[in-house]
Amino acid sequence: MFIALLIMLAQPPHAVPGEEAVAPYAASNANAGASPVSGRALFQTFGGKAGIDRIVAATVDASVADPRTSDIFKATDLVRLKRTLSEQVCFILAGPCDYTGRDMKTAHRDMGLQTEDLTALIEHLQVAMDIERVPFAAQNKLLAKLAPMKRVIVER
Ligand code: HEM
């Protein structure tokens, strides 16, 4: 058990067991693209890491199933996407998480994402937060952190 943990911790962020390897990059919380909120309260309001995991999984699953965006996720490693997105949200909500994924520009490069793709994903995120009974004001605090990322994620 302990040895398995050591092996896992020794894995570089681009080659995690159970996930497809991606091109090497330097992991940093700066890659999350937003600074954390202050205080632990918002993280608790989201149901902690377990609540965030459920919200992220539901958002990704709904985006993959949505005919508006399903093609975009055809070649995506959904295990990695859910893990890194969950780390990112946990980090931004000031939970006890580090973000180990790529920066937002690199992660979405050459995908040709448009505003309507972002709108669809945010709709699914809002539904997922509603299901977890995250109050509207708390939802908006996360959305306010994600909103400026549009500049680097959406291409025109
Ligand atoms: C604020 C909005 C968004 C955030 C915070 C976000 C976050 C992320 C994160 C954390 C990753 C994984 C990075 C990594 O693998 O190292 C990622 C990858 C990805 N995102 Fe987003 N994303 C956003 C918007 C979108 C939208 C609107 C779409 C399409 C509808 C999208 C599609 C994808 C896809 C397909 C990947 C996988 C890329 C690959 O397989 O290499 N993302 N995103």
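Along the sequence shown, residues are numbered consecutively beginning with 1. Counting convention: from 1, in listed order, for ligands and their atoms alike. Since this is a predicted model, take the numbers as computed values, not measurements.
At a 4.0 Å heavy-atom cut-off, ligand 1 touches Gln88 through the side chain alone. At a heavy-atom cutoff of 4.0 Å, ligand 1 is contacted by no atom of Val22, backbone or side chain. Using a 4.0 Å cut-off between heavy atoms, Leu113 contacts ligand 1 through its side chain alone, with no backbone atom that close.
Residue, atom and distance of the protein heavy atom nearest to atom 11 (C) of ligand 1 are Leu81 CD1, 3.5 Å. For atom 22 (N) of ligand 1, the nearest protein heavy atom (residue, atom name, distance) is His108 NE2, 2.8 Å.
For the residues Glu20, Arg109, Met111, the heavy atom positioned nearest atom 38 (C) of ligand 1 is part of Met111. Comparing Ile153, Leu146, Val89 by heavy-atom distance to atom 4 (C) of ligand 1, the nearest is Ile153. The residue among Leu143, Thr76, Thr106, Leu125 with a heavy atom at the shortest distance from atom 37 (C) of ligand 1 is Thr76.
At distances below 3.5 Å, not a single donor-acceptor pair connects side-chain atoms of Glu132 with backbone N or O atoms of Gly51. Side-chain N or O atoms of Asn31 include none that pairs as donor or acceptor with a backbone N or O of Arg102 at under 3.5 Å. Of the possible donor and acceptor atoms, one in the side chain of Gln88 sits under 3.5 Å from a partner among the backbone N and O of Ala32. Glu155 places a side-chain N or O within 3.5 Å of a backbone atom of Asp110 that can act as its donor or acceptor partner.
Ion pairing between Asp103 and Lys105 fails under the 4.0 Å rule for side-chain N and carboxylate O. A salt bridge links Lys82 with Asp61: the distance from a Lys NZ or Arg NE/NH1/NH2 to an Asp or Glu carboxylate oxygen falls below 4.0 Å.
Of the N or O atoms in Arg80, one or more lie within a sub-3.5 Å distance of an N or O in ligand 1. In terms of polar-atom proximity, defined here as any N/O pair under 3.5 Å, Thr69 makes no such contact with ligand 1. Here's the thing with Arg102: one of its N/O atoms is less than 3.5 angstrom from an N/O atom of ligand 1.
In terms of heavy atoms, Ile52 sits closest to Cys90 at CD1-CA, 3.7 Å.
A donor-acceptor contact closer than 3.5 angstrom is absent between the side chains of Asp117 and Thr69.
Within the 4.5 Å cutoff, the side chain of Leu125 has heavy atoms near those of the Leu143 side chain.
Contact analysis puts Met104 in contact with ligand 1, with a non-hydrogen atom separation below 4.0 angstrom. For Glu87, the heavy-atom gap to ligand 1 stays at 4.0 angstrom or more.
Distances below 4.0 Å separate heavy atoms of Ala107 from the following atoms of ligand 1: 13 (C), 38 (C).
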